[in-house]
Structures are given as C-alpha cells and as structure tokens.
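Below is one structure; the comments refer to it alone.
Every chain is numbered from 1, with letters handed out A, B, ... down the list of sequences. The shown structure was predicted, so the numbers you read here are calculated from the model rather than taken from an experiment.
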Amino acid sequence: MPELPEVETVVRGLRTPLIGRTVQSMWYDWGRTIHSPDPQEFAARIAGQTFRAINRRAKYILCEMDSDILVIHLKMTGRLYVTPDDAVHDVDKWVHFCLQLDNGHQLRFSDSRKFGKVYLTDDISRITGGLGPEPLSDDFTPAVLRARLQGRQRAIKALLLEQGFIAGMGNIYADEALHRAGIHPLQPANSLSDTQIDQLYATIRAALQAGIDYEGASISWYRKPDGTAGESQKHFFVYGREGQSCSTCGHPIEKIRVAQRGTHYCPVCQPRSLE
DNA sequence: CGGACAACCTGGCGGC
DNA sequence: TGCCGCCAGGTTGTCC
C-alpha cells in the first residue's frame, strides 16, 4: 500500500483535476468504506461543496472543501483518480466510492481489499491528532528524533512503523532507510549512537524523498492518479530483493520478520550492534 | 509500555 | 487447469 511518497504523488496528481470542482452527488456500494459520518449525512453535507486545496498529513489525503475536510486513507490497495462519467471502457470493479463533479467527471475510489476509509469532518485533529512528526517538514530535526528515541527499547524497525512515533513511514521505506543508514532492523531504539541517529535522520528523509522523486512504488496495486506506474520500486536497495545481491557489498539480501512484518536487510552493511 | 495476534478483505503467486 | 496455503505497502483493538 501506499506510504508517504505514494500518497504525496496522489495528492499532487489530484490538484489539477479537482481544485475548483464542485461535488454534485455521492455514490457508494460498501458501507464500511465510509468511516464517518454515516453515509446519509455524508452525502447531504458534501453535496455543493467545492474542492479548495488538497494536502497530505502522513498517509492521509486531506481535501479542503468549503466547510469540511474530505479525508481519504488508501490503506493497502486504495486508488484515487478522476475520470469522465462515461468512461465505460474503464471497467474497474473495485470502485466502492465515487463523487460526481460539476464538469462531467467523477472522483473514483477503487479499493480491492476494502480496507480504505473516507471521512468528512470539520475537526481534523480527531483523525490526525495522534500522529508523530512529519519526517520531511522543517520541524523534524536530528534532535527531535534523538529525543523521541529516548527510553524506547523496541526494535528500531518496529518503532519506524509506529505512526505516533514518526508519521508516514511504512514497511518499504523503513527497510530502505535502515539499509541506507547501515542499521540492523532489530537494534534496540535506545541503543543507537548519536552518529547512527544522525545517519538515520538523513536516510529517512533521503529514502522518502527518493520515493517522491520517482513518483511512488508501483508494487502490485499502486498507480498514480493518471493510471501510470511509479518508478520507485526500480531503485530499492533491499525491499523485495531477498536472495539478490546487495548493491553495496554483494552479499545476498536476507528477509526476517520484525513486528510481524517482512523485513529486508543486508547482514554485512547492517551488522548487529555488539551492545 | 510492549509484544503477540486477530480482524478487516481480496487477489496473486508458488507448489502440488 | 484446479485447489490450497501463504503472502501482501496499513491500522485498530484486545489480551497478557
């Protein structure tokens, strides 16, 4: 599923087709896609509102409407795109939520696994209030990372996946950042040296920025709003490369399980800490 | 705090 | 081809 770089790419791709468009009506065929309010109120409230701005917080897509924020989380398999009403050639049986726009187009939310959620709210803090710092923002500094690691004994990989610790990282970019930093995924978070923290800070941002620059990773389901694939997956150092040679040292990449998630790393470039 | 695990769902893939 | 088990980018809730 989409992580921060994929969500950022979707947000950028939706601005042009959506900003200035007014919603005429709402359609859905899977009730649990609509998190809140209930579908009847959702439809009544969003009709007539115009898209004013589209932004991102962690993996949440935030569409500023006139008096509410339309929030969308893609979870594992969500896709968002704008298409003409009569795009019958576009047979997508996984569309479960759709907004009719005022220009003969529709915003469609396709989601094969049905984990994705849409919200309509005037109080965004109820959704995003518990999130940790945004890793690419100016507020996130090496000192912030160091302070947040204090006293945390969990494996560093597990911590990077906690959205309350740092927002927007997911399984792919956590593995990529740890490899770039030369840190073993099981190293206890509070055992990182200052040097390792500085490296990890830099590589978290570098891995995420590379993902954005390559317009996201098209592994299985992710596509940009224009339907084309991102290129980020062609540049992974470790994710999905189990058994293949490390591009840095040539040793085969290994796969283990950390916090119940598949975890890829190079045992040579990312040695276990001796502490 | 944290670790394990089940839920939520469906599709793709490898193995037999 | 068909069936089966396993795996999957996320998040939340429960239990110990």
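Here the C1' atom of nucleotide C:dT11 and the NZ atom of A:Lys117 are 10 Å apart, to the nearest Å. Atom CD of A:Glu6 is separated from atom C1' of C:dA8 by 14 Å (rounded to the nearest Å). The distance between atom CZ of A:Phe115 and atom C1' of C:dG10, rounded to the nearest whole Å, is 8 Å. One can place CG of A:Asp175 at 10 Å from P of C:dG10, the figure rounded to the nearest angstrom. Rounded to whole Å, the distance from CZ on A:Arg32 to P on C:dT12 is 17 Å. Rounded to an integer number of Å, the gap from CD1 of A:Ile72 to P of C:dT11 is 15 Å. Taking atom NZ of A:Lys114 as the reference point, atom C1' of C:dG10 lies 18 Å away to the nearest angstrom. Spacing between atom OH of A:Tyr222 and atom C1' of C:dG10 amounts to 16 Å, rounded to whole angstrom units.
For the segment residues 122-134 of chain A, no residue has any heavy atom less than 4.0 angstrom from an atom of DNA chain C. Near-neighbour residues of DNA chain B inside residues 148-164 of chain A, defined by a heavy atom below 4.0 Å, number-ordered: A:Arg152, A:Gln153, A:Arg154.
The stretch residues 198-223 of chain A participates, sequence neighbours left out, in these salt bridge (Lys or Arg N to Asp or Glu O under 4.0 Å) pairs: A:Arg146-A:Asp198, A:Glu215-A:Lys224. Screening residues 239-261 of chain A for salt bridge (Lys or Arg N to Asp or Glu O under 4.0 Å), with sequence neighbours left out, gives no hits. Among pairs with a residue in residues 32-42 of chain A, those fulfilling salt bridge (Lys or Arg N to Asp or Glu O under 4.0 Å) read A:Glu41-A:Arg45, at least two apart in sequence or across chains. Pairs engaging residues 167-190 of chain A under the salt bridge (Lys or Arg N to Asp or Glu O under 4.0 Å) rule: A:Lys157-A:Asp175 [sequence neighbours left out].
Contact between the side-chain N/O atoms of A:His73 and the OP1/OP2 oxygens of C:dT11 is found at a separation under 4.0 Å. Between A:Lys59 and C:dT11 there is a side-chain N or O to OP1 or OP2 distance below 4.0 Å. For A:Arg113 and C:dT11, the shortest distance from a side-chain N or O to OP1 or OP2 is not below 4.0 Å. Taking 4.0 angstrom as the limit, A:Arg261 places a side-chain polar atom (N or O) nearer than this to OP1 or OP2 of C:dG10. Residue A:Lys255 places at least one side-chain N or O closer than 4.0 Å to OP1 or OP2 of C:dA8.
Note on ring orientation: taking the six-membered ring where Trp is involved, the planes of A:Phe236 and A:Tyr173 are perpendicular (angle over 60°, cut-offs 30° and 60°).
A salt bridge between A:Glu3 and A:Lys59 is absent, with no side-chain N of the basic residue lying under 4.0 Å from a carboxylate O of the acidic one. Comment: A:Arg52 does not engage A:Glu64 in a salt bridge, judged by the lack of any side-chain N to carboxylate O separation of less than 4.0 angstrom.
Counting 5' to 3', DNA chain B first comes under 4.0 angstrom of a heavy atom of chain A and last does so at the ends given by B:dG2 to B:dG11.
When each of A:Ala259 and A:Lys93 is assigned the nucleotide of DNA chain B with its nearest heavy atom, A:Ala259 is the one assigned upstream, toward the 5' end.
For the pair A:Arg108/A:Leu80, no side-chain contact is recorded, criterion being any heavy-atom separation below 4.5 Å from C-beta on.
Ring centers of A:Phe42 and A:Phe97: under 6.0 Å apart, within the cut-off.
Residue A:His264 holds its NE2 atom at 10.0 Å from CD of A:Gln244, rounded to the nearest 0.5 Å. The distance from the OG atom of A:Ser112 to the CZ atom of A:Arg79 is 8.0 Å, given to the nearest 0.5 Å. With values rounded to the nearest 0.5 angstrom, A:Thr263 atom OG1 is found 5.5 Å from A:Asn171 atom CG. For the atom pair CG (A:Leu149) and CZ (A:Arg154), the distance works out to 13.0 Å, reported to the nearest 0.5 Å.
Using a 4.5 Å cut-off between side-chain heavy atoms of Ile, Leu, Val, Met, Phe, Trp and Tyr, A:Tyr214 forms no hydrophobic cluster with any other residue. Other cluster members for A:Trp94: A:Trp221, joined by side-chain heavy-atom distances under 4.5 Å among Ile, Leu, Val, Met, Phe, Trp and Tyr.
Across all strands shown, A:Trp94 has heavy atoms under 4.0 Å from sugar-phosphate atoms exclusively, and none from any base. As judged by a 4.0 angstrom heavy-atom cut-off over every strand, A:Tyr173 is placed among residues making no nucleic acid contact.
Scanning DNA chain B for stems, defined as runs of 3 or more consecutive Watson-Crick or G-U wobble pairs whose donor-acceptor distances all fall under 3.5 Å, gives the following ranges: B:2-8 with C:10-16, B:10-16 with C:2-8.
For the 3.5 Å distance criterion, the side chains of A:Gln199 and A:Thr203 fail to qualify, holding no donor opposite an acceptor.
C:dC4 and B:dC9 have their P atoms separated by 23 Å, with the value rounded to a whole Å. Separation of the P atoms belonging to B:dC5 and C:dC6 is 15 Å when rounded to the nearest angstrom. Across the P atoms, C:dT11 and B:dG11 are found 22 Å apart, a figure rounded to whole Å.
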Distances for protein N or O near nucleotides 13-16 of chain C N or O, under 3.5 Å:
none

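By the ring pair (Phe, Tyr, Trp, His ring centres under 6.0 Å) test, A:Tyr119 pairs with A:His35, sequence neighbours left out.
Closest approach of A:Pro17 to A:Leu14, counting heavy atoms only: CD-O, 3.2 Å.
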